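A note on names: the letters A, B, ... follow the listed sequences, proteins ahead of strands, and every chain is numbered from 1. Predicted model, so just to flag it, every value in this text is computed and none were measured. We use all heavy atoms of the structure for the numbers below, so side chains are in, but hydrogens, waters and symmetry mates are not.
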Amino acid sequence: MEEETSTSSSSDDQTFDTGSWIIAQDLLKRRLILEDNFTWIIPTTTTTKSSSQFFVKEDDDIDSNELIRYVGGVDLSFSKDDSSIACASIVVLDLLQIKNDGCFQVVYEDYKIVHLQIPYIPGFLAFREAPVLLELLEKMKHECSPFYPQCLMVDGNGLLHPRGNWRRCIEFFHFVMNSLRFGLACFLGVTADIPTIGIGKNLHHVDGLTQSGVREFLEAEENCSKDLITLTGCSGRIWGAALRSTNDSLKPIYVSIGHRISLESAIKLVRFTCKYRVPEPVRQADIRSRNFLQKNQGIM
DNA sequence: GCGACAG
DNA sequence: ATCTTGTCGC
């Protein structure tokens, strides 16, 4: 199987060696864990969404296991004037503390404004955004924060991730070997050794899956009552799930596995933390990073 | 060759 | 990602 020879991608006057990035992704991919790799319990949301009621599956006797409590979210916001200036954020929510407005209490937040040198290239988001996010995580660990997240929700995909000329891959029956399936959430999960979930607000087209196709499927007669569809590509592979996270949301979010968690558990946790379309950890990281940037861009 | 392409 | 007006609804 010949590897694609497009080893560089140009942006501005710089060239970037995406060939070495592909190698890095392949190396890190070997460490991926695609099943639950933790001991805590994820609450199951009840069918009624009137309040934040939930129940815990009562297994035999699992005293050592506890409910998941601290869930993090990370995101970057960008300057409207200079798209290379960004504010990275990490927030941690306490799922055991629900405020009057129904949202979870934010128990930790941190920000860093950076000047990004690497452009956004589809398929290589991690090389642009992961370094500063890793810094924020490492800082927490270094300071022994009691709020270090048990699971991290990432603004970007996990396994739902393509590479190169996908069509050609299918034609040559090499799609299994050539599909990277290693997005930002996987990258962060492996490099920080933390369970991660990828949250996409738009679908990165992969394996025959298209945003319009998913929309049609969700709006079909037979599926209009369903709020979740598994994203199975034309190769038969499962990439993640499209989820109508709120009662009235027409546009789904795209959930995929990052690291050390199963798709089933990821969906449970996403459902539990969705007060609006985007799960609260990611939503708070998004809102707060934008606010922080606007208030501090001038004085930095 | 052309279009598609998370954030 | 960001630029944008109004607008419908709880």
Do A:Y254 and A:Q211 have side chains that get closer than 4.5 Å, going by heavy atoms? yes
(Q) For A:Y70 and A:F147, take the angle between the two ring planes, folded into 0 to 90°, and tell me which bin it lands in: parallel under 30, tilted 30 to 60, perpendicular over 60. (A) perpendicular
To the nearest angstrom, the CD1-P distance between A:I118 and B:dG7 comes to 19 Å
Only one of A:T232, A:T230, A:D207 passes side chain to side chain donor-acceptor pair (under 3.5 Å) with A:W239, and that residue is A:D207
Protein N or O to nucleotides 1-6 of chain C N or O, pairs below 3.5 Å:
| from | atom 1 | to | atom 2 | distance (Å) |
| --- | --- | --- | --- | --- |
| C:dA1 | OP2 | A:K201 | NZ | 3.4 |

Taken to the nearest whole Å, NE2/A:H205 to P/B:dA6 is 8 Å
Atom CD1 of A:I253 and atom C1' of B:dG7 are separated, to the nearest Å, by 16 Å
Just N and O in the side chain of A:Y120: are any of them under 4.0 Å from OP1 or OP2 of B:dA6?
yes
In whole angstroms, the gap separating P of B:dC5 from NE2 of A:H161 amounts to 15 Å
Stems of at least 3 consecutive Watson-Crick or G-U wobble pairs (donor-acceptor distances under 3.5 Å) involving DNA chain B, listed by first number, are none
Centroid separation A:F127 to A:F187 less than 6.0 Å:
yes
- Query: Under 4.0 angstrom, heavy atoms only, what part of the nucleic acid is A:G200 near: base, sugar-phosphate, or nothing?
  - Reply: sugar-phosphate
- Message: Please tell me whether A:H115 and A:S84 have a donor and an acceptor in their side chains that are separated by less than 3.5 angstrom.
- Response: yes
Would you say that A:D193 contacts A:R260 through its side chain, given a criterion of any heavy-atom pair below 4.5 Å between the two side chains? yes
Whole-Å distance, A:L184 CG to B:dG7 P, equals 10 Å
In whole angstroms, the gap separating C1' of B:dG7 from CZ of A:F127 amounts to 15 Å
Atom CD of A:Q211 and atom P of B:dA6 are separated, to the nearest Å, by 8 Å
Between A:S89 and A:E109, do the side chains contain a donor N or O and an acceptor N or O under 3.5 Å apart?
no
CG of A:L93 to CE of A:M153, rounded to nearest 0.5 Å, is 8.5 Å
Worksheet entry | Ring centre gap for A:F104 and A:F272 strictly below 6.0 Å | yes
Taken to the nearest whole Å, CG/A:L250 to P/C:dC8 is 17 Å
